[in-house]
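Structure first, commentary second.
Counting begins at 1 with the first residue of the sequence. Every number for a ligand or one of its atoms is a count from 1 in the order of the listing.
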Amino acid sequence: MTGDQKSSPTAGSAETSKPWTGRFTAPTDAFVEAFTASIDFDKRLYAQDIRGSMAHARMLGQVGVLSPQEAEQITVGLAQVQAEIEAGQMRFQMSLEDIHMHVETRLTELIGDVGKKLHTGRSRNDQVATDVRLYTRESIDAILAGIVRLEQALLGLAEREADTILPGFTHLQVAQPVTFGHHLLAYFEMLHRDAQRLVDTRRRVNVLPLGAAALAGTTFPIDREFVARELGFEAVAENSLDAVSDRDFAIETVFALSLLMVHLSRFAEELILWSSPQFGFIELSDSFCTGSSIMPQKKNPDVPELVRGKSARVIGALQTLLVLMKGQPLAYNKDNQEDKEPLFDALDTARGSLKVFAEMLPEMTVRRENMRAAALKGFATATDLADYLVRKGLPFRAAHEVVGKAVRHAIEAGCNLEDLPLETLRGFSPLIEADVQDVLTLEGSVNARNHIGGTAPAQVRAAIDRARQRLAGLEA
Ligand code: ARG
């Protein structure tokens, strides 16, 4: 750590740059330095760190702790540090531990001793909590945009497939016919709850820790409301000990992302099943699949498989954060440095998964004839026949028994219920008349479920209209 550092825009040398040299006589062990450093992963906080520092400096200028000229020099210098980082000119180094020290050290190199005044009335403890909250807030906004995009893709597809019929399953056994549009709208509901959860979580993320300093607050006459306004925080953290040590906001965010990923994983699982030749309900576009290096016939649904797999990372991140916090005494502990990698990974993974899903869905081919054939196969309209008999006066349990017998007969005859001659059906119950054919068809079955939340195509279209309004409400 010598020589060339001085010629390139860098943040200081190892021995002179540690902010705690006053108390220490021996330098940090080289391995410990690398072990404790967070710069490899917290450098992505540079913009938030600089924004937070600018707000802090302006506030110090406002309250008279810094002169207006000093505050100005610092903010101009910080803008230059940011430009250097964005131009790829900052040489990141372990000896400077984290992004906060890189920025401050480079600032001081650029503007001289005034730079050393920036850290007045704050600590890296409230600084890092502020940076991570700003970063999380921005990421939540990007993820919300990703959810909305995927919701829109779902609505487009649901509209196109409002009349398409496929078997609905329970226990992965054919249960009753449903429309594909209705099936897709189930995922809209899940995603919409995910979006609402993130909107709600964002309110608790968007609280300003700065001013808590190391843990107890500061002796300087700070104006926290000013800083909150500058940085777009909705509130100022009420308690300094909590402000520096709390990571609920990260846990909550990653919980919301875990559930989002669980939803995407379930959807992925269906896409994987549906694209198998055994189902043959859909075909994913080639650009979202890969082949096999050995089996020429294969087209593998890699993208949904990876999303299903990546849900494990996000759920793992939630576990990591919960366990990270459970034994920590107040207030800040270095353990908290471990919050970043799981949080960032969860944010990145959710963002990427949403993007790939939103791009994949409109590209997939729906094999309507295969869906229909599958719905015709499993006696999917048996419940409709039972309901028909109930309407003719038979108690439901008795109707269930009658239809069960008819199904057994059809299985033995190797045909569907609607293929049985009317006379055969009447053998099971004289209440059955010619109009039975209407309830045995797939269309008759789905059209009959004509109420809010039902699978009838008319209901699907109405649900899509309401969904569009709900989306507009979310975005407002
Ligand atoms: N890199 C540290 C973190 O991520 C910054 C705060 C360090 N504070 C301290 N007292 N060592 O948590």
### Short N-O contact, Arg247 and Asp339, less than 4.0 angstrom
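Salt bridge present between Arg247 and Asp339.
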### SB check Glu159 Arg461 (cutoff 4.0 Å)
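Between Arg461 and Glu159 there is no salt bridge, as every charged N stays at least 4.0 Å from the carboxylate O atoms.
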### Message
I need the single residue from Thr253, Thr136, Asp141 that forms a side-chain hydrogen bond (donor to acceptor under 3.5 Å, both in side chains) with Arg202. Which is it?
### Response
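Of Thr253, Thr136, Asp141, side-chain hydrogen bond (donor to acceptor under 3.5 Å, both in side chains) with Arg202 is met by Asp141 alone.
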### Task
Could you tell me whether a side-chain N or O of His56 sits under 3.5 Å from a main-chain N or O of Gly121, the two making a donor and an acceptor?
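It does not hold such a pair.
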### Message
Donor-acceptor pair, distance only, cut-off 3.5 Å: does the side chain of Arg224 make one with the backbone of Ala237?
### Response
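Yes; at least one donor-acceptor contact below 3.5 Å.
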Nearest protein heavy-atom contact for [atom]: which residue, which atom, what distance?
atom	value
atom 7 (C) of ligand 1	Tyr332 OH, 3.6 Å
atom 10 (N) of ligand 1	Asn125 OD1, 3.0 Å
atom 5 (C) of ligand 1	Asp98 OD2, 3.5 Å

### Message
Please list, in number order, the atoms of ligand 1 under 4.0 Å from a heavy atom of Gln337.
### Response
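So the answer, numbered in order with elements, is 1 (N), 2 (C), 3 (C), 4 (O), 12 (O).
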### Message
Closer than 4.0 Å to some heavy atom of Ser38 - which atoms of ligand 1 meet that?
### Response
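Listed by number with element, the hits are 1 (N).
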### Query
Would you call Gln127 a ligand 1 contact, heavy-atom distance under 4.0 Å?
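The answer is no, since Gln127 has no heavy atom less than 4.0 Å from ligand 1.
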### Message
Counting only heavy atoms, tell me which of Arg124, Lys340, His100, Glu338 gets closest to atom 11 (N) of ligand 1.
### Response
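Comparing heavy atoms across Arg124, Lys340, His100, Glu338, the nearest one to atom 11 (N) of ligand 1 lies in Arg124.
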### Task
Identify the two heavy atoms, one from Leu322 and one from Ile251, that lie closest to each other, and give their separation to 0.1 Å.
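Answer, listing the atom of Leu322 first, then Ile251: CD2-CG2, 3.6 Å.
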### Query
Do Lys334 and ligand 1 have an N or O pair less than 3.5 Å apart?
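Between Lys334 and ligand 1 (N or O atoms, distance only) the closest approach is not under 3.5 Å.
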